[in-house]
Amino acid sequence: MATDIVMILCTAAPDNAAVMAEELVGRRLVACVSILPARSTYRWKGNVCREPEHLLIAKTTKARADAAVAALRSLHSYEVPEIIVLPVTSGHAPYLDWIRKETGDSP
């Protein structure tokens, strides 16, 4: 059964990730952002690149997702940032309620 909660995945330069997370939480666009170190390998403009990045995992509601994505795009240093929104189909009910409360989307 689907919920109204989504997770947004976004990779960012290590020196930009914390700023992005603080902004998203500060503006109540997301309830929480987990930041994990990552090493990405990708093709960009014909070259294979290997870069250290941070993976942001943001938890929010569907109602806030578009605004959170827009904020990530405006804060991001990449020309084409990875921003992926995934549905949360189930979870620990008190945690899902906390996400709603922290984003101002309490029922």
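Quick note: numbers below take in every heavy atom, side chains included, and nothing from hydrogens, waters or symmetry partners. In what follows, residues are counted from 1 in the order of the sequence shown.
Both Ile5 and Ile57 are part of a single hydrophobic cluster, where members link through side-chain heavy atoms under 4.5 Å apart. In the hydrophobic cluster analysis, where Ile, Leu, Val, Met, Phe, Trp and Tyr join through side-chain heavy atoms closer than 4.5 angstrom, Leu96 is grouped apart from Val6. Hydrophobic cluster membership is shared by Ile84 and Leu55, with clusters built from Ile, Leu, Val, Met, Phe, Trp and Tyr side chains linked at under 4.5 angstrom. In the hydrophobic clustering of ILVMFWY residues, with side-chain heavy atoms under 4.5 Å counting as a link, Val69 and Leu75 come out together. Side-chain heavy atoms closer than 4.5 Å link hydrophobic residues (I, L, V, M, F, W, Y) into clusters, and following such links, possibly through other members, connects Ile35 to Val85.
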Could you go through Ile8 and Ile83, starting from their C-alpha distance and side-chain angles, then the distance that decides it, and tell me whether this counts as side chain to side chain contact (heavy atoms under 4.5 Å, CB included)? CA-CA 7 Å; Ile8 302 172; Ile83 304 171; 3.9 Å; yes

Side chain to side chain contact (heavy atoms under 4.5 Å, CB included) between Leu9 and Leu86: does it pass, once the steps are laid out? CA-CA 8 Å; Leu9 306 179; Leu86 300 172; 3.6 Å; yes

Give the C-alpha distance, both sets of side-chain angles, the deciding distance and a yes or no for side chain to side chain contact (heavy atoms under 4.5 Å, CB included) between Val48 and Thr41. CA-CA 7 Å; Val48 174; Thr41 302; 4.0 Å; yes

Please determine whether side chain to side chain donor-acceptor pair (under 3.5 Å) holds for the pair Glu53 and Tyr78, giving the CA-CA distance in whole Å, both sets of side-chain angles, and the decisive distance to 0.1 Å. CA-CA 11 Å; Glu53 293 185 301; Tyr78 294 176; 2.7 Å; yes

With side chain to side chain donor-acceptor pair (under 3.5 Å) as the test, would you mind laying out the steps for Lys59 and Ser34 before giving the verdict? CA-CA 9 Å; Lys59 284 68 82 171; Ser34 300; 2.8 Å; yes

Determine, step by step, whether Cys10 and His76 satisfy the side chain to side chain contact (heavy atoms under 4.5 Å, CB included) criterion, reporting the C-alpha distance in whole Å, the side-chain angles of both residues, the deciding distance to 0.1 Å, and the verdict. CA-CA 10 Å; Cys10 179; His76 217 290; 3.6 Å; yes

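A donor-acceptor distance shorter than 3.5 angstrom exists from the side chain of Arg28 to the backbone of Glu102, with no hydrogens or angles considered. Checking side-chain atoms of Thr3 against main-chain N and O of Val88 turns up a donor-acceptor pair under 3.5 Å. Between the side chain of His54 and the backbone N or O of Ala18 there is no donor-acceptor pair closer than 3.5 Å. In terms of modelled atom types and a separation under 3.5 Å, the side chain of Arg64 and the main chain of Val30 share no donor-acceptor contact.
Between the CG atom of Asn16 and the CG atom of Leu72 there is a distance of 10.0 Å, given to the nearest 0.5 Å. Separation of atoms CG (Leu24) and OG1 (Thr60) is listed at 8.5 Å; rounding is to 0.5 Å. Rounded to the nearest 0.5 angstrom, Tyr42 OH and Cys49 SG are separated by 4.5 Å. Put simply, CD on Glu51 and CZ on Arg39 are 7.0 Å apart, with the number rounded to the nearest 0.5 Å. With rounding to the nearest 0.5 angstrom, the OG1 atom of Thr103 is 8.5 Å from the CG atom of Asp4. From Leu56, atom CG reaches atom OG1 of Thr11 across 8.5 Å, with rounding to the nearest 0.5 Å.
The pair Glu79-Lys45 counts as a salt bridge, with a side-chain nitrogen and a carboxylate oxygen less than 4.0 angstrom apart.
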